[in-house]
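Worth saying up front: this structure is predicted, and the values here are computed from it rather than measured. Indexing begins at 1, ligand by ligand and atom by atom, following the structure's order. Throughout, numbering of the chain's residues begins at 1 and tracks the sequence.
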Amino acid sequence: MQVFSFVNQKGGCGKTTAAVNLAGALAARGSRVLLVDLDPQGHATMGLGCDPGEDPTSLEVLAGTCDIQSVITPGPGGIDLIPADLRLAEFEERAEHTLRPEQALSFALRGLSERYDFVLLDCPPRADGVLTINALRASDTAILVVETGAFALQGAVKALSIFEEIRARDDSRFEMRVLATLFDRRTRFARDLLFALHSRFGPVLFESVIRTSVRLREAAACGVPVQVLDKRSRATGDFDALATECLMEPADPSELTQSVPTPLPGD
Ligand SMILES: Nc1ncnc2c1ncn2[C@@H]1O[C@H](COP(=O)(O)OP(=O)(O)O)[C@@H](O)[C@H]1O
Ligand SMILES: [Mg+2]
């Protein structure tokens, strides 16, 4: 079982879209996939057409009041889901009265190692809240999702260093990778930026890039991963390429642990 978290302290950069549709792509390849919604906004839950109502959610998993197996619900496209809603925000308060609150998810996931090939964790737009720290503690790989817009390079360098500090502070073992999203190849600016991300991050950057696609918004609105909405769309192709990379073992894992020290102009 491999655990991936989707992180960035910013909102709106494509974390949830990446988590939902990579889950869909891996499931379409026959992998057993669990998506855990760790954002009280519940966008991944809604993006899979789920409304937990009164049912238990990731809050109960983290608080240890429900067995994780009983909170899993089947979603579209062969993805299993642990949903979230606004009640998850309570965990921040409850955490003060819980023993080792930041390790709750990592403990709970241990019981699932035989059941899934991939567990994907969709994080809130924070680096250091108890929900993101839970995700990082449980992760083999933390994927920094970077929107290829203005200041993306500077933003990615800063964000990566924040997560690397957390890793060192908590003595965690996750590797960092960078995923470029919302890429518009028609603009020269975006192409130059992608080149700059490549030279800066080298093998830490996924080769696959997620292009801007209206299909991704439509799929979220329909409550399905894009593979279910349109098998032949370019977004389906982009996430399939990303799934291929995730299914490959890195040639030399040590190459992936640190970002590449290319100096930034003005560093
Ligand atoms: N590659 C993409 N192409 C088009 N729209 C996208 C793409 N990625 C994300 N979006 C849209 O951008 C908005 C923010 O994306 P989301 O994945 O929710 O970001 P985050 O989880 O980082 O807050 C959503 O409306 C989503 O549908
Ligand atoms: Mg989100």
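Of the protein's non-hydrogen atoms, R211 O, 3.0 Å is the one closest to atom 1 (N) of ligand 1. The closest protein non-hydrogen atom to atom 19 (O) of ligand 1 is G14 N, 3.0 Å. In this structure, atom 16 (P) of ligand 1 lies nearest to the protein heavy atom T17 OG1, 3.6 Å. For atom 23 (O) of ligand 1, the closest non-hydrogen atom on the protein side is G12 N, 2.7 Å. Looking only at heavy atoms of the protein, atom 7 (C) of ligand 1 is closest to L182 CD2, 3.5 Å.
Distance CG/D170 to CZ/R137: 4.5 Å, rounded to 0.5 Å. The NE2 atom of H198 lies 4.5 Å from the CD atom of E207; values are rounded to the nearest 0.5 Å. Rounded to the nearest 0.5 Å, atoms CZ (R234) and OG (S213) are 5.5 Å apart. The structure places CG of N21 at 11.0 Å from CG of L26, a figure rounded to the nearest 0.5 Å. For the atom pair CG of L205 and CG of L179, the computed distance is 8.0 Å after rounding to the nearest 0.5 Å. L38 contributes atom CG, which lies 13.5 Å from atom CZ of R126 (distance to the nearest 0.5 angstrom).
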**OP:** Test I72 against R115 for side chain to side chain contact (heavy atoms under 4.5 Å, CB included), laying out the working first.
**Re:** CA-CA 12 Å; I72 297 170; R115 182 164 168 190; 3.6 Å; yes
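Distances from ligand 1 to the non-hydrogen atoms of S213 include at least one value under 4.0 Å.
Listed by chain and number, the protein atoms of type N/O/S under 2.8 Å from the Mg ion (ligand 2) are T16 OG1; waters are omitted.
For the pair A220 and ligand 1, the shortest N or O to N or O distance does not fall below 3.5 Å. Polar contact check, D122 against ligand 1: no nitrogen or oxygen pair lies under 3.5 Å apart. Looking at ligand 1, you'll find an N or O of T16 within less than 3.5 Å of one of its N or O atoms. An N or O contact shorter than 3.5 Å is missing between V214 and ligand 1 by distance. Between I210 and ligand 1, a contact under 3.5 Å exists for no N or O pair.
Inter-residue side-chain proximity for L121 and L105 is flagged as met; some heavy-atom pair is nearer than 4.5 Å.
When non-hydrogen atoms are compared, ligand 1 lies under 4.0 Å from the side chain of L216 (C-beta onward) but not from its backbone.
The main-chain N or O of T236 is never found under 3.5 Å from a side-chain atom of D240 such that the two would form a donor-acceptor pair.
For atom 27 (O) of ligand 1, the nearest non-hydrogen atom from the set Q41, H43, R217 comes from R217.
Annotation for ligand 1: atoms under 4.0 Å from non-hydrogen atoms of C13 are 19 (O), 20 (P), 22 (O). Those atoms of ligand 1 that come under 4.0 Å of a heavy atom in G11, given as number and element, are 23 (O).
For the side-chain contact (heavy atoms from CB on, under 4.5 Å) test with F6, the passing option among D39, L22, T16 is L22; the others fail.
Environment of CZ in R185: sparse, with no more than 12 heavy atoms of neighbouring residues, nucleotides or ligands closer than 6.0 Å. Enclosure of atom CZ in R169 by more than 12 non-hydrogen atoms of other residues, nucleotides or ligands within 6.0 angstrom is indicated.
There is no side-chain donor-acceptor pair under 3.5 Å between R217 and T17.
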